[in-house]
Amino acid sequence: MKIIGVLTSGGDAPGMNAAIRSVVRTSIYNQTRILGIKQGYNGLLNGEIEEMNLSSVADIIHRGGTMLRSARCDEFKTEEGLKKAINVIKIFGIDGLIVLGGDGTFKGANNLSDAGIPTICIPCTIDNDMGYTDYTIGFFTAVETVVDAISKIRDTSTSHGRANIVEVMGRECGDIALYSGLAGGAESIIVPEVEFDIDEVCRKIIQGRNRGKLHHIIALAEGIGNAYEVAKEIEEKTGAETRVTILGHIQRGGTPTAFDRIMASKMGNKAVELLLSNESGKALGIKCNELISMDLDKALNTKKEFDKNMYDIAKILSI
Ligand code: F6P
């Protein structure tokens, strides 16, 4: 393994930079050249590839985003695209690839691995929607951002005696809503994994109002549907003035938490070690606080379990 390539693909996640830094420095420490591939699989297809050195990754451990930039690439999903990518990999003499991203990114990496390119994946997505790992890099930073927003919205919610819906990202996964709802003391958490009963939400608003509660925060996962329709129904059923805040891409940026940086540093290091010991087709993850590596096929087929126990605790604490 003389030359390793690294790329970030799909939606960016805070902590990607810390992982890139770890990959680059571990490679150089092991006397292996490291090439940075720009803009994910797009840059791979277009040969946007540059040699990296120790200074390329100086001063980035604390920065959100990805210094390699990212993209979603439809061409790479085609057979032609895969062939082109393999060709570029050969032209640049890349012996192994480290790929950072979510499940779409992992699927592409799995195709490369099946085609004989040694590939290791690091889970980076704010959604925490990958079943084989307890956490993905970027998730806890996004949760911090949401908790901060909930605390601010709670102030104005109290001042006006309103119900406030905070819509968070996560695609079909409710983890951002669940974790930030629990940490932010939300009165209701609405996620795709649990059937939602608007009457229960309304009952809580009325009960809270009757005991003098002024604020009412509803953490709602984007996968549930239209937040404005939920707000309208709440207003009609309770008479409570209801506002919607869609947090959007603010959740994708910002300085990564220490936890995300540590996880990224460990996984970046491990990814290089695995390539150096001739491993391929592996996904790195964290299970019960231990770093794990799993076959990509298996990782991609592991169903994400929703933490119903945590959801129930949040419900109890918000009575
Ligand atoms: O997967 C990360 C994510 O931020 C999702 O939570 C969200 O649904 C989606 O990406 C937004 O995608 P884009 O940045 O392409 O608008």
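Start at 1 and go down the list; that is how both ligands and their atoms are numbered. A quick note: this is a predicted structure, and the numbers were derived from the prediction, not measured.
Among protein heavy atoms, the minimum distance from atom 1 (O) of ligand 1 is reached at D127 OD2, 2.6 Å. Given atom 9 (C) of ligand 1, the protein heavy atom at minimum distance is R171 NH2, 3.8 Å. Closest to atom 3 (C) of ligand 1 among all protein heavy atoms lies R252 NH1, 3.5 Å.
Contacts between Q251 and ligand 1 below 4.0 angstrom, taking non-hydrogen atoms only, are absent altogether.
Look at K77 and D74 and you find a salt bridge, because one of the NZ, NE, NH1 or NH2 atoms lies within 4.0 Å of a carboxylate O, short of that distance. R243 and E241 are joined by a salt bridge, as a carboxylate oxygen and a charged side-chain nitrogen come within less than 4.0 angstrom of each other.
For ligand 1, the atoms lying closer than 4.0 Å to a non-hydrogen atom of E222 are 5 (C), 6 (O), 7 (C), 8 (O).
For atom 12 (O) of ligand 1, the nearest non-hydrogen atom from the set R72, M169, H249 belongs to R72.
With 3.5 Å as the limit, one finds a donor-acceptor pair spanning the side chains of S318 and K204. If you check the side chains of D148 and T145, you find no donor sitting under 3.5 Å from an acceptor.
Residues L182 and L220 fall into different hydrophobic clusters, defined by Ile, Leu, Val, Met, Phe, Trp and Tyr side chains chained together at heavy-atom separations under 4.5 Å.
Atom CE of M16 and atom CG of L7 lie 9.5 Å apart (nearest 0.5 Å).
Residue G170 places a heavy atom under 4.0 Å from ligand 1.
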